[in-house]
Amino acid sequence: MAKELGVGIIGCGNISTTYFKLAPLFKGLNVLACADINMDAARLRAEEYKVKAQTIDELLANDELDVIVNLTIPDAHFSVSKRILEAGKHVYSEKPLVLTLEQGEELRRIAKEKGLAVGCAPDTFLGGAHQLARKFIDDGGVGRITSGSCHVMSPGMEMWHPNPDFFFLPGGGPILDLGPYYIANLINLIGPVKRVGAMTSMASPTRTITSEPRNGEIIPVKTPTTIQALLEFVSGATITLTASWDVWSHRHANMELYGTEGSLYVPDPNFFGGTVEASGRDKDIKPLENWAHPFGIANQESPSGPRANYRTAGLADMAASLIDGRDARCSLDRTLHGVDVMTSILKSGAENRFIDLTTTCTQPAALGIEEAQALLK
């Protein structure tokens with residue numbers, strides 16, 4: 001296979017700028033074209049990033065493209081990814097991959113039949129902070145992980161997103177929108193999940209947009225906005241996960257893991273960097289010695305200061321896996337297991353019972369310093 005894959009993008013909304021800006025950091029990726037149901041949006045991105053604007057049909061028929069990145073809204077992920085596979089091209093999708101396990105299995109069937117690959121965000125677990133946490137666990141730093149807690153809570157998305165409607169419809173909500181970051185990192189750190197139980201609720205049946213340009217518009221809420229879940233892992237660890245858009249402020253840490261020999265404090269899995277802390281049996285919490293992981297080096301300014309952002313690393317790793325003939329870290333099996341976890345959590349909340357998962361996966365290979373450097377130009 002060629003040492004560089006031609007990349008096309010379907011969906012030219014907010015998130016597309018991240019892929020356009022960061023893809024050039026990585027080997028094996030050459031973004032050549034983009035498409036959107038709104039051709040004006042496609043032309044705007046194409047002009048901004050010097051690529052070709054095409055209709056979706058034209059993009060799917062473009063022989064220069066090997067892999068297409070699906071950045072459409074969650075409700076369209078399945079249908080668009082299916083079309084991409086049927087056109088004979090590899091797929092890399094924004095999260096969530098699909099909204100049901102059945103949709104994911106259909107993509108798996110088509111991909112296998114055509115000899116194609118499917119990958120999916122999030123790839124933030126490849127960040128320097130989370131790979132440092134992985135190394136510390138693998139090296140026995142806190143013994144065997146037995147339990148832990150995760151919290152991702154805020155007032156919601158309608159205060160900053162210009163079109164927040166889809167966040168509050170089936171396929172949205174905090175568990176399907178933000179849960180992928182936490183679940184992907186837990187799979188990275190601990191492995192697959194065995195069963196889940198949850199309670200779900202919503203604080204209000206409507207939301208009022210306060211962002212521009214639709215300030216004051218009322219939109220419906222048709223999916224749970226607070227989820228309290230318990231995850232039992234194949235390893236035996238039990239982790240609580242709270243995901244909510246009904247919380248104005250809190251003091252919970254993003255992720256804490258408790259082991260037989262100590263505790264590990266992992267920064268927000270929504271980002272690549274941050275400080276990893278740990279304690280032993282002495283209960284003395286200290287930051288781990290930082291390492292020179294390339295995906296932990298700050299490369300962007302943000303309202304909270306410099307931060308590391310290497311989104312597209314998962315796509316680059318997928319490209320390298322296709323070229324090298326190895327397993328991709330953001331693979332279909334792991335992504336589909338994450339979908340199984342999230343949809344089972346919602347099902348548990350709706351049916352008031354524990355749900356045994358029907359899928360499983362392996363932990364992704366750790367991404368050390370040399371492996372990460374090999375992905376960069």
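Not measured: the values here are computed from a predicted model.
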S.K.: Please tabulate, for side-chain N and O atoms in residues 163-184, each donor-acceptor pair with protein atoms closer than 3.5 Å (sequence neighbours left out).
M.R.:
| residue | atom | partner | partner atom | Å |
| --- | --- | --- | --- | --- |
| Asn163 | OD1 | Arg214 | NH1 | 3.1 |
| Asp165 | OD1 | Arg214 | NH1 | 2.5 |
| Asp165 | OD1 | Arg214 | NH2 | 3.3 |
| Asp165 | OD2 | Arg214 | NH2 | 2.9 |
| Asp177 | OD1 | Lys95 | NZ | 3.0 |
| Tyr181 | OH | Arg311 | NH1 | 3.1 |
| Tyr182 | OH | His151 | O | 3.4 |
| Tyr182 | OH | Asn254 | ND2 | 3.0 |
| Tyr182 | OH | Asp268 | OD1 | 3.2 |

S.K.: Where do Ala203 and Thr225 come nearest, in terms of heavy atoms and distance?
M.R.: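 Looking at all heavy atoms of both residues, the closest pair is N-OG1, 3.5 Å.
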
S.K.: With a 4.5 Å heavy-atom cut-off, do Val221 and Ser204 have their side chains touching?
M.R.: no

S.K.: For residues Val341 and Thr359, determine if any side-chain heavy atom of one lies less than 4.5 Å from a side-chain heavy atom of the other.
M.R.: no

S.K.: Using the rule given for side chain to side chain contact (heavy atoms under 4.5 Å, CB included), can you reason through His77 versus Thr72, listing the C-alpha separation, both sets of side-chain angles and the distance that settles it, and then say yes or no?
M.R.: CA-CA 6 Å; His77 282 182; Thr72 58; 3.4 Å; yes

S.K.: Show, in sequence, the C-alpha distance, side-chain angles and deciding distance for Phe20 and Val51, and conclude whether the side chain to side chain contact (heavy atoms under 4.5 Å, CB included) test is met.
M.R.: CA-CA 10 Å; Phe20 281 116; Val51 300; 4.0 Å; yes

S.K.: Salt-bridged, Asp36 to Arg43, with N to O below 4.0 Å?
M.R.: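 Answer for the salt bridge query: no.
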
S.K.: So Asp317 and Asp123, do their side chains get closer than 4.5 Å, heavy atoms only?
M.R.: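 Asp123 does not reach Asp317 side chain to side chain.
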
S.K.: Between Asn188 and Gln363, is there a side-chain donor-acceptor contact under 3.5 Å, judged purely by atom types and distance?
M.R.: no

S.K.: Distance alone, cut at 3.5 Å: any donor-acceptor contact between the side chains of Thr226 and Asp246?
M.R.: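 Checked: Thr226/Asp246 side chains pair up, N/O donor to acceptor below 3.5 Å.
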
S.K.: Do Glu106 and Gln103 have side chains that approach each other closer than 4.5 Å (heavy atoms only, starting at C-beta)?
M.R.: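 No; the side chains remain at least 4.5 Å from each other.
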
S.K.: State whether Asp284 and Lys286 are salt-bridged, where the test is any N-O pair (Lys NZ or Arg NE/NH1/NH2 against Asp/Glu carboxylate O) under 4.0 Å.
M.R.: yes

S.K.: Taking the side chain as C-beta and beyond, is there a heavy-atom pair between Val80 and Arg83 under 4.5 Å?
M.R.: no

S.K.: So, Thr242 versus Gln228: side-chain donor-acceptor pair below 3.5 Å or not?
M.R.: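 On atom types as modelled, these side chains qualify, holding a pair under 3.5 Å.
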
S.K.: Evaluate the side chain to side chain contact (heavy atoms under 4.5 Å, CB included) criterion for residues Met39 and Gln54: first the C-alpha distance (whole Å), next the side-chain angles of each, then the deciding distance (0.1 Å), finally the verdict.
M.R.: CA-CA 8 Å; Met39 278 304 297; Gln54 297 186 298; 6.0 Å; no

S.K.: Just verifying a value: how many Å separate Lys283 NZ and Ser263 OG, rounded to the nearest 0.5 Å?
M.R.: 10.0 Å

S.K.: For Arg334 and Thr362, test the side chains for any donor-to-acceptor distance below 3.5 angstrom and give the result as yes or no.
M.R.: yes

S.K.: Under 3.5 Å, is there a donor-acceptor pair between the Asn70 and Ser81 side chains?
M.R.: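 The answer is yes; a qualifying pair exists.
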
S.K.: Using side chain to side chain contact (heavy atoms under 4.5 Å, CB included) as the criterion, list what pairs up with Leu116, not counting sequence neighbours.
M.R.: Leu85, His90, Lys114

S.K.: Using the side chain to side chain contact (heavy atoms under 4.5 Å, CB included) rule, take Val196 and Leu230 through it: C-alpha gap first, then chi angles, then the decisive distance, then the call.
M.R.: CA-CA 6 Å; Val196 301; Leu230 178 63; over 6 Å; no

S.K.: Tell me the ring-ring contact (aromatic ring centres under 6.0 Å, His included) pairs involving residues 303-327, sequence neighbours left out?
M.R.: Phe295-Tyr310

S.K.: Ignoring hydrogens and angles, state whether a donor on the side chain of Ser16 or Arg45 is under 3.5 Å from an acceptor on the partner side chain.
M.R.: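 Result is yes, a qualifying pair exists.
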
S.K.: Taking the side chain as everything from C-beta on, heavy atoms only, tell me whether Phe125 gets closer than 4.5 Å to Gln131.
M.R.: yes

S.K.: Please tell me if the side chains of Ile110 and Glu86 come closer than 4.5 Å, counting only heavy atoms from C-beta onward.
M.R.: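 In contact.
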
S.K.: With rounding to the nearest 0.5 Å, note down the distance linking CD in Glu256 to CG in Leu264.
M.R.: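 One gets 9.5 Å once the value is rounded to the nearest 0.5 Å.
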
S.K.: Side-chain contact test, heavy atoms from C-beta onward, threshold under 4.5 Å: evaluate it for Tyr49 versus Lys21 and give yes or no.
M.R.: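 Side-chain contact under 4.5 Å: yes.
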
S.K.: Taking atom CD of Glu64 and atom CG of Asn30, what is their separation to the nearest 0.5 Å?
M.R.: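 Rounded to the nearest 0.5 Å, the CD-CG separation comes out at 8.5 Å.
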
S.K.: Just how far is it from atom CG of Leu375 to atom CG of Leu25, taken to the nearest 0.5 Å?
M.R.: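 Rounded to the nearest 0.5 Å, the CG-CG separation comes out at 11.5 Å.
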
